[in-house]
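Atom set for the values below is all heavy atoms of this structure, side chains included, hydrogens, waters and symmetry mates excluded. Since the model is a prediction, treat every value here as computed from it, not as a measurement. Reminder, nothing fancy here: chain letters follow the sequence lines and each chain counts from 1.
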Protein chains: 2
Amino acid sequence: MDIQLKRGLLDACVLAAIKNEDSYGYRIIKDMKPYLEMSESTLYTILKRLEAGNMLTVRSVEHEGRLRKYYHITREGLRRIEEFKEDWKEINAIYNFITREETGNE
Amino acid sequence: MDIQLKRGLLDACVLAAIKNEDSYGYRIIKDMKPYLEMSESTLYTILKRLEAGNMLTVRSVEHEGRLRKYYHITREGLRRIEEFKEDWKEINAIYNFITREETGNE
DNA sequence: CGTAATATATCGTAATACGAAGTATATAAT
DNA sequence: ATTATATACTTCGTATTACGATATATTACG
């Protein structure tokens, strides 16, 4: 899959992964794997970006000797998902432009 | 509109703009404007990239004292559009993941 | 004892979209 | 006559960003 095509989906996808239940990095990657694969370095970069943008909050938890950072979506984060849905209408229009079959001359 | 979201569409969009008829930079921008706005610097970067990737060929034409470079899509370019269509199936699956309404607990 | 799974962090890099600015001609407006 | 707008392509620098590679640390499995 074309990397560029994935780009716009990543942030919204991560937010969607924590939308219904708080989650942590390692699990987010596993949950998204059937839909969208991403490397760890990419995920943690995104999580930091989303935190900086107040899309989510972080809470550290000690779990079996290991550190776990649980991410919780904020109202801003939920709004980001809605924004994504809005944008998608435009995206579909572009998609139709790309895939349209012209009856013109070639 | 989110820039990242546009990224994956740009190459395919430019190819679509010359698919049915050879065209040149200035006109491509105008043709795409209703669907997708892009700056000149972006377009010409993309055209060069597509040329380097053998997705299109270029032909210079003198038109009313001004230079025009006509772009013609190649078989490779047409295949790129088909590839885009294939990718879109996956994109739709991701879109559904992002927008699904879980019946679970929040 | 080594490998895999769990879990997060950091560094350097390559790709790339964009704004800004430049070059040049023709036409319309003031 | 001069200014602005439309046409048409080019180059430079920059910020964003996804990724591979690598590091750290614990637990479980063989």
Please report the shortest heavy-atom distance between A:Ser23 and A:Ile28, naming the atom on each side.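 Scanning both residues, the minimum pair turns out to be OG-CG1, 3.7 Å.
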
Taking every non-hydrogen atom, the tightest pair across A:Tyr35 and B:Ile94: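 In this case the closest contact between A:Tyr35 and B:Ile94 is O-CG1, 3.4 Å.
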
Got a sec? Which of residues 7-15 of chain B come in under 4.0 Å of DNA chain C, heavy atoms?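 Those residues are B:Arg7, B:Leu10.
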
Could you check which residues of residues 42-50 of chain B get a heavy atom under 4.0 Å from DNA chain C? Sort them by number, please.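 Those residues are B:Thr42, B:Ile46, B:Arg49.
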
Position toward the 5' end of DNA chain D (nearest nucleotide), A:Glu40 or A:Ile3: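 So the residue in question is A:Ile3.
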
5′-ward residue of the pair A:Glu64/A:Met38 relative to DNA chain D: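 The residue mapped nearer the 5' terminus is A:Met38.
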
Does D:dG30 have a Watson-Crick or wobble partner in any strand here, with both distances under 3.5 angstrom, and which is it?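 Partner of D:dG30: C:dC1.
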
Just by modelled atom types, is the B:Glu37 backbone N or O under 3.5 Å from a matching donor or acceptor in the B:Lys6 side chain?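 Yes; judged by distance alone, with no hydrogens or angles, the pair exists.
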
When you measure from the side chain of B:Thr42 to the backbone of B:Met38, do you find a donor-acceptor pair of N or O atoms at a distance under 3.5 Å?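 Answer holds: no.
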
Distance, rounded to the nearest Å, where [X] contributes [atom1] and [N] contributes [atom2]:
X: A:Lys30; N: C:dA7; atom1: NZ; atom2: P; answer: 7 Å
X: A:Lys69; N: C:dT10; atom1: NZ; atom2: P; answer: 8 Å
X: B:Asp2; N: C:dT16; atom1: CG; atom2: P; answer: 17 Å
X: B:Tyr26; N: C:dA26; atom1: OH; atom2: P; answer: 16 Å
X: A:His63; N: C:dT6; atom1: NE2; atom2: C1'; answer: 9 Å
X: A:Glu51; N: C:dA9; atom1: CD; atom2: C1'; answer: 14 Å
X: A:Arg59; N: C:dT8; atom1: CZ; atom2: P; answer: 12 Å
X: B:Ile29; N: C:dG19; atom1: CD1; atom2: C1'; answer: 14 Å

Which donor-acceptor pairs under 3.5 Å do the side chains of residues 60-68 of chain B make with protein atoms, sequence neighbours left out?
from, atom 1, to, atom 2, distance (Å)
B:His63, NE2, B:Arg68, NH2, 3.1
B:Arg68, NH1, B:Tyr70, OH, 2.9
B:Arg68, NH2, B:Tyr24, OH, 3.1

Evaluate B:Phe84 against A:Ile98 for side chain to side chain contact (heavy atoms under 4.5 Å, CB included), listing each step before the verdict. CA-CA 9 Å; B:Phe84 171 82; A:Ile98 295 172; 3.8 Å; yes

Looking for any heavy atom pair under 4.0 Å, which part of the strands does A:Arg68 touch: base, sugar-phosphate only, or nothing?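 Contact class for A:Arg68: sugar-phosphate only.
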
If you compare every side-chain N and O of A:Tyr24 against the phosphate oxygens of C:dT8 (OP1, OP2), does one of them come in below 4.0 Å?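 False: A:Tyr24 side-chain N/O out of range (4.0 Å or more) of C:dT8 OP1/OP2.
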
Check whether any side-chain heavy atom of A:Lys19 lies under 4.5 Å from a side-chain heavy atom of B:Glu101, and answer yes or no.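 With C-beta onward as the side chain, the pair touches.
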
Along DNA chain D, 5' to 3', what are the outermost nucleotides having an atom less than 4.0 Å from a heavy atom of chain A?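 Range of nucleotides within reach of chain A: D:dT17 to D:dT27.
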
Selection residues 44-57 of chain A - residue pairs positive for side-chain hydrogen bond (donor to acceptor under 3.5 Å, both in side chains), sequence neighbours left out: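 Residue pairs passing side-chain hydrogen bond (donor to acceptor under 3.5 Å, both in side chains), neighbours aside: A:Asp11-A:Arg49.
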
Please figure out whether A:Tyr70 or B:Gly65 has its closest DNA chain C nucleotide nearer the 5' end.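 Closest to the 5' end, via its nearest nucleotide, is A:Tyr70.
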
When you look at A:Leu78 and A:Leu15, which way does the side chain to side chain contact (heavy atoms under 4.5 Å, CB included) test go after all the steps? CA-CA 8 Å; A:Leu78 290 168; A:Leu15 287 171; over 6 Å; no

To the side chain of A:Gln4, which of C:dT8, C:dC18, C:dT16 is closest?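 For A:Gln4, the side-chain atoms sit closest to C:dT16.
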
Yes or no on side chain to side chain contact (heavy atoms under 4.5 Å, CB included) for A:Thr74 and A:Arg79, after CA distance, side-chain angles and deciding distance? CA-CA 9 Å; A:Thr74 62; A:Arg79 218 178 55 188; over 6 Å; no

Which is it for A:His72 and A:Leu56 under the side chain to side chain contact (heavy atoms under 4.5 Å, CB included) test, yes or no, and what are the steps along the way? CA-CA 5 Å; A:His72 177 76; A:Leu56 49 77; 6.0 Å; no

Under the side chain to side chain donor-acceptor pair (under 3.5 Å) test, which residues partner A:Glu82, sequence neighbours left out?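 In terms of side chain to side chain donor-acceptor pair (under 3.5 Å), with neighbours along the sequence ignored, A:Glu82 is linked to A:Lys85.
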
